[in-house]
Amino acid sequence: MKKEQELKKRTRPNEVVKLSPQEITAFQNKIYRYYMKHRRPFAWRDVISPYRVFISEVMLQQTQTTRVIDKFALFLSVFPDFATLAQSPFSEVLRHWKGLGYNRRARFLHDSAAIIVEQFDGELPADPEILERLPGIGPATAASICVFAFDMALSFVETNIRTVYLYHFFGDQENVSDRELLSFVSATVDHERPREWYYALMDYGVMLKKSVGNLNRKSRHYVKQSKFEGSDRQVRGRILELLLEHDSLSVTELVAQLTEPAERVQRLIDTLAAEQIVQYRGQQVLLA
DNA sequence: GTCCAGAGTA
DNA sequence: TACTCTGGAC
């Protein structure tokens with residue numbers, strides 16, 4: 001039987017992946033051999049604390065490592081711990097977030113810090129189910145935080161890991177779901193040193209993307225990025241930029257500055273207000 | 001034009 | 001399940 005067919009058969013729904021100990025070891029060794037020579041140093045790897053891991057994992061959601069590096073250093077110097085972050089005004093958090101994109105994350109992060117201070121005495125819980133209840137923390141980030149902060153042998157899939165498993169275990173298969181990938185991740189995790197294992201997996205995935213191209217198009221969850229120029233996302237960013245500069249502006253003033261239809265600006269401000277990124281004070285708009 | 005250590009919402 | 005959300009590097 002062809003290898004692809006074998007693997008396909010192994011991944012029927014609700015079936016536990018059965019890889020032989022030899023297969024698992026060979027796979028792990030390949031990943032670790034690459035990692036030993038090409039480990040990527042990052043500030044959030046080289047000095048580890050629950051807070052640093054938490055901030056970095058949220059920053060790294062859908063955001064390139066190169067974009068995060070400088071932002072992480074500055075953010076940590078301004079907001080060194082959960083208590084400081086929770087006490088700081090949201091406008092200052094957003095000011096140090098801006099440029100990373102997905103500005104909702106700044107709101108989520110600020111709210112999470114408050115919850116961690118109030119409900120958990122400023123100590124990040126080492127429990128993925130508890131972390132997943134925090135705003136902006138889904139299953140992947142909850143697991144990754146526990147892996148990197150507490151060295152727990154959990155399973156998660158992100159873009160680099162997805163690339164590795166598609167390449168090694170799914171041949172030419174298309175429309176592969178993350179649930180299928182997760183069963184392989186779970187079967188191959190290094191229980192002795194989970195944190196290092198996931199660093200290695202991600203570094204290896206980055207290398208694969210450069211050498212064999214983006215395999216994620218074979219993922220069931222692949223979606224092509226819509227264009228940014230002229231998009232709502234771009235105008236939202238410009239609205240926040242204006243509010244960071246001027247503290248408070250009327251809708252009329254925002255429309256004038258943006259040279260966009262008033263209807264569109266109004267709609268985007270309403271969305272930002274619903275997400276509690278901005279707020280109305282009378283006719284004035286300001287950061288929440 | 002394509003991508004990125006995904007999550008929230010309906 | 002499908003859609004929205006950043007913005008700069010390449």
Side-chain angles (χ1 to χ4, degrees), chain A residues 39-40 42-45 52-72 94 96-109 111-112 128 131-149 154-165 175 177-179 181-182 185 194-195 197-210 213-217 219-241 244 267-278:
Chain A
R39 179 184 186 276
R40 295 178 298 167
F42 289 119
W44 51 89
R45 286 187 181 184
R52 293 169 66 87
V53 170
F54 190 89
I55 300 298
S56 65
E57 286 304 312
V58 174
M59 285 188 171
L60 287 161
Q61 291 172 354
Q62 292 286 287
T63 307
Q64 287 95 337
T65 55
T66 53
R67 184 192 294 279
V68 169
I69 291 170
D70 289 346
K71 295 287 182 182
F72 178 79
L94 187 68
H96 291 91
W97 189 273
K98 189 136 186 30
L100 283 169
Y102 293 108
N103 293 302
R104 288 188 301 181
R105 293 183 294 173
R107 160 54 59 198
F108 292 151
L109 198 56
D111 291 345
S112 288
L131 293 178
E132 209 172 324
R133 292 189 215 123
L134 295 171
I137 306 299
T141 307
S144 67
I145 289 169
C146 287
V147 168
F148 296 129
L154 303 176
S155 304
F156 68 96
V157 171
E158 49 72 66
T159 185
N160 299 311
I161 295 172
R162 191 179 289 128
T163 301
V164 175
Y165 285 84
N175 202 29
S177 72
D178 282 352
R179 195 175 54 76
L181 290 169
L182 266 174
V185 174
R195 175 160 43 207
W197 169 243
Y198 277 97
Y199 288 160
L201 265 183
M202 294 165 109
D203 290 1
Y204 188 79
V206 170
M207 178 276 291
L208 274 183
K209 277 187 181 167
K210 290 178 189 160
N214 184 16
L215 297 178
N216 287 329
R217 290 184 180 83
S219 164
R220 183 174 299 175
H221 314 284
Y222 171 75
V223 282
K224 198 174 76 170
Q225 178 71 53
S226 59
K227 79 170 180 182
F228 180 66
E229 194 61 34
S231 67
D232 283 355
R233 306 202 311 262
Q234 185 181 41
V235 180
R236 277 168 59 105
R238 289 170 59 201
I239 291 172
L240 296 185
E241 209 155 336
L244 279 170
R267 176 174 61 81
L268 293 174
I269 294 172
D270 286 345
T271 308
L272 286 166
E275 293 170 356
Q276 297 187 51
I277 295 173
V278 307

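Numbers restart at 1 for each chain; the letters A, B, ... are given by sequence-line order, proteins then strands.
- Judged by closest nucleotide on DNA chain C, A/Arg220 is the one of A/Leu268 and A/Arg220 placed further toward the 5' end.
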Trace of the side chain to side chain contact (heavy atoms under 4.5 Å, CB included) decision for A/Tyr102 with A/Arg233: CA-CA 9 Å; A/Tyr102 293 108; A/Arg233 306 202 311 262; 5.9 Å; no
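- Here C/dG8 presents its P atom at 7 Å from CZ of A/Phe228, a figure rounded to the nearest Å.
- Under 3.5 Å, the side chain of A/Gln62 and the base of B/dC4 form no donor-acceptor pair of N or O atoms.
- Between the base of C/dC5 and the side chain of A/Arg233 there is no donor-acceptor pair shorter than 3.5 Å.
- A/Arg107 comes within 4.0 angstrom of nothing in the nucleic acid, heavy atoms only.
- Put simply, A/Thr159 has a side-chain N or O that comes within less than 4.0 Å of OP1 or OP2 on B/dC4.
- Using a 4.0 Å heavy-atom cutoff across all strands shown, A/Tyr199 reaches no nucleic acid atom at all.
- For A/Lys98, the listed nucleotide lying nearest its side chain is C/dG7; candidates were C/dG7, C/dC5, B/dC3.
- A/Lys209 has a side-chain polar atom (N or O) that falls below the 4.0 Å cut-off from OP1 or OP2 of B/dC4.
- Rounded to whole angstrom, the span from the CG atom of A/Asn160 across to the P atom of B/dA5 amounts to 5 Å.
- When heavy atoms are screened at a 4.0 angstrom cut-off, A/Asn103 is found touching the sugar-phosphate backbone but no base atom.
- The phosphate of C/dG7 (OP1 or OP2) has no side-chain N or O of A/Arg238 nearer than 4.0 angstrom.
- Following rounding to the nearest Å, A/Gln225 (CD) and C/dG8 (P) show an atom-to-atom distance of 14 Å.
- You won't find any donor-acceptor pair under 3.5 Å spanning the side chain of A/Arg105 and the base of B/dG6, going by distance alone.
- One can place CD of A/Glu241 at 8 Å from P of C/dG8, the figure rounded to the nearest angstrom.
- If you check B/dC3, B/dA5, B/dA7 against the side chain of A/Phe42, the one that comes closest is B/dA5.
- Relative to the side chain of A/Gln61, the nucleotides B/dA5, C/dG7, B/dG6 differ in distance, and B/dG6 lies closest.
- Taking every heavy atom of both residues into account, A/His96 and A/Lys71 meet most closely at O-CD, 4.1 Å.
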Side chain to side chain contact (heavy atoms under 4.5 Å, CB included) between A/Leu60 and A/Phe72, intermediate numbers included: CA-CA 10 Å; A/Leu60 287 161; A/Phe72 178 79; over 6 Å; no
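- Formation of a donor-acceptor pair under 3.5 Å by the A/Thr141 side chain with backbone atoms of A/Ile137 is not found in this model.
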Intermediate values then yes/no, side chain to side chain contact (heavy atoms under 4.5 Å, CB included), A/Leu181 and A/Ile161: CA-CA 9 Å; A/Leu181 290 169; A/Ile161 295 172; over 6 Å; no
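- Annotation: B/dA5 and C/dT4 have their P atoms spaced 23 Å apart (nearest Å).
- Across all strands shown, B/dA5 forms no Watson-Crick or G-U wobble pair with both distances under 3.5 Å.
- Base orientation at B/dA7 is anti, since its O4'-C1' glycosidic dihedral falls outside 90° of 0.
- Rounded to whole Å, atom C1' of C/dG7 lies 10 Å from atom OH of A/Tyr102.
- Partner of A/Tyr199 under the ring-ring contact (aromatic ring centres under 6.0 Å, His included) criterion, out of A/Phe148, A/Tyr204, A/Trp44: A/Phe148 alone.
- Between the side chain of A/Arg40 and the base of B/dA5 there is at least one donor-acceptor pair of N/O atoms closer than 3.5 Å.
- Using a 4.0 Å heavy-atom distance criterion, A/Trp97 is classed as making no nucleic acid contact.
- The separation of C/dG8 from B/dA7, taken at their P atoms, amounts to 23 Å, rounded to a whole angstrom.
- With C/dG7, B/dC4, B/dG8 as the choices, the nucleotide that has an atom nearest any side-chain atom of A/Arg104 turns out to be B/dG8.
- Between A/Asn216 and the phosphate of B/dC4, there is a side-chain N or O to OP1/OP2 separation shorter than 4.0 Å.
- The residues A/Asp203 and A/Arg39 are annotated as not salt-bridged, no charged nitrogen and carboxylate oxygen being separated by less than 4.0 angstrom.
- A/Thr141 comes within contact range of the sugar-phosphate backbone alone, with a heavy-atom separation under 4.0 Å but no base atom that close.
- Closest to the side chain of A/Ala140, from the set B/dG6, C/dG8, B/dC3, is B/dG6.
- Residue side chain A/Gln64 reaches the base of C/dG7 through a donor-acceptor N/O pair under 3.5 Å, judged by distance alone.
- Nucleotide C/dA2 holds its C1' atom 16 Å from the OH atom of A/Tyr222, rounded to whole Å.
- Going from atom CG of A/Leu240 over to atom P of C/dC5 covers 12 Å, rounded to whole Å.
- Each of A/Ile137 and A/Glu57 lies near DNA chain B, and the nucleotide nearest A/Glu57 is the one positioned closer to the 5' end.
- Closest contact between the side chain of A/Thr65 and the listed nucleotides B/dG6, B/dC4, B/dA5 involves B/dA5.
- Toward the 5′ end of DNA chain B lies the nearest nucleotide of A/Ser56, the other residue of the pair A/Ser56 and A/Pro135 mapping further downstream.
- Side-chain proximity of A/Asn214 to B/dA7, B/dG6, B/dC4: nearest is B/dC4.
- With hydrogens and angles disregarded, a donor-acceptor distance shorter than 3.5 Å links the side chain of A/Thr63 to the backbone of A/Gln61.
- In this structure, CD1 of A/Ile277 is placed 14 Å from C1' of B/dT9, rounded to the nearest angstrom.
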